[in-house]
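The first residue of the sequence shown is numbered 1, and numbering continues consecutively from there.
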Amino acid sequence: MRLYHWTLNAEKVLNGGFRNRAHRHPDDKEGVWFTDRLLGQGDGIRKDMKVLVVDIPSENIKQYEESNAGSGYRAFSIPEDIVNKCEISCPPVYRDRGIYKVNEKK
């Protein structure tokens, strides 16, 4: 499964890996927050943020899925030790008619 993580610190993550963060909601577990689709400005993404992408087997992350009813995307809080085993990429992002897309090499 391809997952997306927006950050202001892309270089730091690419050089040193992800770090767990506590979340706003007390029921959420510490981890790294990912979504299964590319979010945009309406979702709180700022112009100076970069997206990091990981591919991870679905069976490895099912237990880390957060309840996210009505949002239109799936969200996960994955522990750093699991996600840091994945290859992390930082592809260019562009907007096409108001929708964010990733420019990935094929």
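By the side-chain hydrogen bond (donor to acceptor under 3.5 Å, both in side chains) test, D48 is found to be paired with R46, residues two or more places apart in sequence or in another chain being considered. Applying the salt bridge (Lys or Arg N to Asp or Glu O under 4.0 Å) test to R74 and every residue at least two apart in sequence or in another chain returns E65. The side-chain contact (heavy atoms from CB on, under 4.5 Å) search around E11 returns L14, N15, not counting sequence neighbours. Listed by chain and residue number, F18, L52, I88 satisfy the side-chain contact (heavy atoms from CB on, under 4.5 Å) test with V13 (two or more places apart in sequence, or in another chain).
Within a 6.0 Å radius of CD in E87, other residues, nucleotides and ligands contribute 12 heavy atoms or fewer.
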**Request:** Given side chain to side chain contact (heavy atoms under 4.5 Å, CB included), test L3 with I78 step by step and report yes or no.
**Result:** CA-CA 11 Å; L3 296 177; I78 305 170; 3.6 Å; yes
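Under the 3.5 Å distance criterion, the side-chain polar atoms of S89 are left unmatched by any main-chain donor or acceptor of P91.
How far OG1 of T35 is from NE2 of H5: 10.0 Å, rounded to the nearest 0.5 Å. Taking CG from N9 and NZ from K50, the interatomic distance works out to 11.0 Å, rounded to the nearest 0.5 Å. Atom-to-atom distance recorded for F34:CZ and I61:CD1 is 9.0 Å, nearest 0.5 angstrom. D36 CG to R2 CZ: the interatomic distance, rounded to the nearest 0.5 Å, is 12.5 Å.
Taking each heavy atom of R19 and V32 in turn, the nearest pair found is O-CG2, 3.7 Å. For the pair Y4 and V53, the tightest heavy-atom approach, listed with the atom from each and the gap, is CD2-CG2, 3.7 Å. Across all non-hydrogen atoms, the minimal contact from R37 to G72 is NE-O, 3.5 Å. Shortest non-hydrogen contact noted between G31 and N20 is CA-OD1, 3.3 Å.
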